[in-house]
Amino acid sequence: MSAPDPAALAELRGNLDAIRARIDTACRAAGRDPAQVRLLPVSKTVDEARLRAAHAIGLHALGENKVQEALGKWQAMSDLHDLRWVLIGHLQTNKAKYAARFASEFQALDSLRVAAALDAQLQQQGRALDVLVQVNTSGEASKFGLPPGDVPAFVKQLPAFASLRVRGLMTLALLSDDDARVRPCFVRLRELRDRLRQDAPDGVAMDELSMGMSGDFELAIAEGATTVRVGTALFGRRDTPDSA
Ligand SMILES: *Cc1c(COP(=O)(O)O)cnc(C)c1O
């Protein structure tokens, strides 16, 4: 492929600067160090040329919610050796084999069947995977993730899967303009993480809180997010609707 288009680079740089400024402001307001908050660019539906531009401006990890779309992009961009792929969407057991091939991190673990399928595939390939447990903090039936009350017993089972490195929790808040409805989702995830930390099984780390997207990441940072997942604010509006 040819070098990224200068106009595309400039637009992405501008968006990235604006996001970093928002992160800095939110961190300052919360008395936190911006270095403690990882920005994960979410690249679902974004085409290869723009992803190459993102890589060129220093974004070396991309979040995708569909494993097959991510697999195709990984194959197309395998020349970019330092590009890491983070799966942030629900995974079906029968697609664990694809995820195990290329993902460096999976943020949507919510069943033992998927954990077992991933572990078996990873063992075969001699790979390991960072994982976050997805929690349904909004109580919406349409959302994936475990109910908060099920998470402690679930996490206790995870040391059985030697290829999975458990790092923490992930959630999608309620989609709403009303902070008073969004914020409790982030509070729930943080409180759950703090409780789990007290008796995490050996080999299970409970440091990561992946929460906050383009519209709500300031609130998530105020509540302790260590990773914010940002698509629209970086790449612009998606034409294709997506389901999370
Ligand atoms: C699409 C998506 C995001 C990013 O959403 P934006 O509102 O575009 O920033 C974050 N997390 C998950 C799981 C997603 O599917």
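Remember, it's 1-based here, ligands and their atoms both numbered in the order they're listed.
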Return all side-chain donor-acceptor pairs below 3.5 angstrom for residues 80-89, not counting sequence neighbours, or 'none' if the list is empty.
from	atom 1	to	atom 2	distance (Å)
Asp82	OD1	His55	NE2	2.7
Asp82	OD2	His60	ND1	3.3
Arg84	NH1	Ser104	OG	2.7

Heavy-atom count check: over 12 atoms from other residues, nucleotides or ligands less than 6.0 Å from Arg197 CZ? yes

In ligand 1, which numbered atoms sit nearer than 4.0 Å to a non-hydrogen atom of [X]?
X      : result
Ser214 : 6 (P), 7 (O), 8 (O), 9 (O)
Arg229 : 4 (C), 9 (O), 10 (C), 11 (N), 12 (C), 13 (C)
Thr232 : 6 (P), 7 (O), 8 (O), 9 (O)
Val230 : 9 (O)

Pick out which of Leu158, Leu132, Val155 makes a side-chain contact (heavy atoms from CB on, under 4.5 Å) with Leu109. Leu158

Is it the side chain (CB and beyond), the backbone, both or neither of Lys44 that lies under 4.0 Å from ligand 1, heavy atoms counted? side chain

Which is it for Asp17 and Arg22 under the salt bridge (charged side-chain N to carboxylate O under 4.0 Å, His left out) test, yes or no, and what are the steps along the way? CA-CA 9 Å; Asp17 288 348; Arg22 282 174 61 190; over 6 Å; no

Might you work through the salt bridge (charged side-chain N to carboxylate O under 4.0 Å, His left out) test for Lys73 and Glu48, ending with a clear yes or no? CA-CA 7 Å; Lys73 289 173 172 173; Glu48 183 182 340; over 6 Å; no

May I have the list of side-chain donor-acceptor pairs in residues 30-38 shorter than 3.5 Å, sequence neighbours left out?
from	atom 1	to	atom 2	distance (Å)
Arg32	NH1	Ile221	O	3.0
Arg32	NH1	Ala225	O	2.9
Arg32	NH2	Ala225	O	3.0
Asp33	OD1	Ala35	N	2.9
Arg38	NE	Thr227	OG1	2.9
Arg38	NH1	Glu105	OE1	2.9
Arg38	NH2	Glu105	OE2	2.9
Arg38	NH2	Glu208	OE2	3.3
Arg38	NH2	Thr227	OG1	3.1

Please verify whether a non-hydrogen atom of Gln107 lies at under 4.0 Å from ligand 1. no

What I want to know is whether Gly231 and ligand 1 share at least one N or O pair that is separated by under 3.5 angstrom. yes

